[in-house]
2 protein chains.
Amino acid sequence: MLKVQASIAALEYKPNRVAQRLRSTSKKTKLLGLIIPDIQNPFFVDVVRGVEDYAYQHNFAVMIGNFGQDEKKEKLYLDILQSENIDGLIVAPIHGKDKGIENLVKKNIPVVCIDRGLTEIDVDVVKVDNEQGAFNAIDHLLSIGHRKIAFISGNFKIPTYIERLAGYKRALSDYGVAYNAHLVFAKDTDYKSGFEIANKILDLKERPTAIFSGNNLLTLGALEAIHSRNIKIPEEISIIGFDDMPWSISLNPPLSAVRQPGFDMGRKAAEMLYERIQNPNSKKEKVILKTELILRKSTARIE
Amino acid sequence: MLKVQASIAALEYKPNRVAQRLRSTSKKTKLLGLIIPDIQNPFFVDVVRGVEDYAYQHNFAVMIGNFGQDEKKEKLYLDILQSENIDGLIVAPIHGKDKGIENLVKKNIPVVCIDRGLTEIDVDVVKVDNEQGAFNAIDHLLSIGHRKIAFISGNFKIPTYIERLAGYKRALSDYGVAYNAHLVFAKDTDYKSGFEIANKILDLKERPTAIFSGNNLLTLGALEAIHSRNIKIPEEISIIGFDDMPWSISLNPPLSAVRQPGFDMGRKAAEMLYERIQNPNSKKEKVILKTELILRKSTARIE
DNA sequence: ATTTGTAATGTAAACGTTTACATTTATCAA
DNA sequence: TTGATAAATGTAAACGTTTACATTACAAAT
């Protein structure tokens, strides 16, 4: 290790990663794929940061694709990343039976699912206990007297929202409150959707006394709808949602929320992917993290 | 175009992008690099979305690196993306004399700078008129009677903040108010930094009547500091910052801000990069977009 | 049936590495 | 000095495309 090494240093030779990747059967090329549903959602940004944090420490590059809940776009990114010969993929499947991802797993490409799992196939997953998280929120609302609680959900083909609905139902049933399907609304998972659905809810003849919203963006959208009508939170309506944000405390009013550890999820997923790459045949792992109910000022007792 | 094409379709043949990229001299391989300073900042998320929007339409994949204002990390991503043989790069340089980016430009790799330019070399740029944006904010504050206006800035090696400071100074001088260096603070560009600096400002013996904060995250951090002391906005202190957010209206109070068109900037940058890839020797372009002052309820007149 | 032009297909080299092996050079003990 | 062993270097094939060119197949025109 003399003349050659010296020249390598002298000429500042940088190996061409494309050629490396073409030639070698993975394990050295250091490229991770990350496919997320919505980069606008601060929760997924936390996930990205977690993944990146781990990747950076282990000298991986991360190639990110953002599919905006569009199945075609998800498929495109899957194809692209695959033909980029990535070493592994972290992905939040658009639904539980995602064939594209199933295929990758079957081809033995290391995959770890994040936020949502796959139902038809055994795969590594890191997610949160959505059912319990939703349960805790609704349980809190019920405990302070609310009985008419609307749920602003994301599309029910997304596994996360199915689980959150289950938690919503379980809490209701624990309190002997009948489930009313007219109180649950699902459309997209973005700001606009939260705004629109909240408006519908506020127009209901018998207005709910509380709103449970399915994510960050839905909550923020709902907040705008409520404020634009000058309805007071929590005096006139309570609201609590999934996902906490650093600035939740600065919202009007400081927002109560179900916190998910996004950064930790991302980091854990990257770590699991790393393990999977090293050890393709070890038993698949499911990691289910806990949520935390953070009570601030957006919910109040009613008689 | 018969048997071969038929087989291609029948076997669902997907060309290997790595091999394509290795062999061909760019222009067909469809990979863009995007290096941004802080993916947690919603402004840059808008930029990412804009880039992605254009890229998706033109069948490009986007490889994102997030360097968190860490020069070493920026360099790493530059090296990685370069050895990935990207067709072009969109980057927000960490400072105006960034040698790494200069080198790419000299090597004739298509580069467009976003949010910030380069001083030593001619390069495509899309940015915003930061000087005028800051001027407008401070001018507004001055017009409603404020004279002691603190500035929570990001690090002054970042060109954006140099420009914003210039706008701050110009407005002051237009009103015949002396510039006081003790009123401008610069550390990082994140939430924590905004929180810490705001606390320092609030501790000043002669407390400023208004705060101008340099970005999204700084504003949000400052907000938390102010709220944690139960100081009323805008009665006791006014605040206005760079960057608007969809949910600014739901903050306490609804926040006034200098809006930057992040999505448009991203889209425009991607478009310019596309042009540059097609036409490597055309004249470099500088696009300077306008900011918009959005007045809500976080600033009030003082006597 | 033959020619002609065009569309379709075939061929070989090249992109910059890795891999496996062969060869050369250096190192140390006897 | 010699041999044995290890370290360093050299060599050739392979990864899956693109590129440029050569060849073959297929019409339509003669």
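It should be emphasised that the depicted structure is a prediction, and the values quoted were computed from it without experimental measurement. Just so we're on the same page: letters track the sequence lines, and every chain starts at 1.
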Just how far, in rounded Å, is C1' of D:dA7 from CD of A:Gln5?
-> 12 Å
Spacing between A:Leu22 atom CG and D:dA13 atom C1', to the nearest angstrom = 13 Å
Please tabulate, for side-chain N and O atoms in residues 35-47 of chain B, each donor-acceptor pair with protein atoms closer than 3.5 Å (sequence neighbours left out).
{"unit_1": "B:Asp38", "atom_1": "OD1", "unit_2": "B:Gln40", "atom_2": "N", "d": "2.9"}
{"unit_1": "B:Gln40", "atom_1": "OE1", "unit_2": "A:Arg49", "atom_2": "NE", "d": "3.3"}
{"unit_1": "B:Asn41", "atom_1": "OD1", "unit_2": "B:Phe43", "atom_2": "N", "d": "2.8"}
{"unit_1": "B:Asn41", "atom_1": "OD1", "unit_2": "B:Asn216", "atom_2": "ND2", "d": "2.8"}
{"unit_1": "B:Asp46", "atom_1": "OD1", "unit_2": "B:Arg49", "atom_2": "NH1", "d": "3.2"}

B:Tyr274 vs B:His58 aromatic rings, parallel, tilted or perpendicular, using cut-offs 30° and 60°?
-> tilted
Gap between atom CG of A:Leu118 and atom CD1 of A:Ile121 - 0.5 Å precision = 7.0 Å
Send over the distance from A:Arg21 CZ to D:dT17 P, rounded to a whole Å.
-> 14 Å
How bent is the helix from C:dA1-D:dT30 to C:dA30-D:dT1, comparing axes over its five end pairs at each side, to the nearest 10°?
-> 40°
Value in whole Å for how far the C1' atom of C:dG16 lies from OH of A:Tyr13 | 7 Å
With sequence neighbours left out, what residues match A:Asp190 under side chain to side chain contact (heavy atoms under 4.5 Å, CB included)?
-> A:Asp188, A:Lys192, A:Ser193
Compare every heavy atom of B:Met265 with every heavy atom of B:Ile114, then report the nearest pair and how far apart it is.
-> CD1-O, 3.6 Å
Distance-only donor-acceptor test, A:Arg23 side-chain atoms vs C:dT17 base atoms, 3.5 Å | no
Does B:Asp122 pair with B:Lys286 as a salt bridge, N-O distance under 4.0 Å?
-> yes
Atom CG of B:Asn16 and atom C1' of D:dA14 are separated, to the nearest Å, by 14 Å
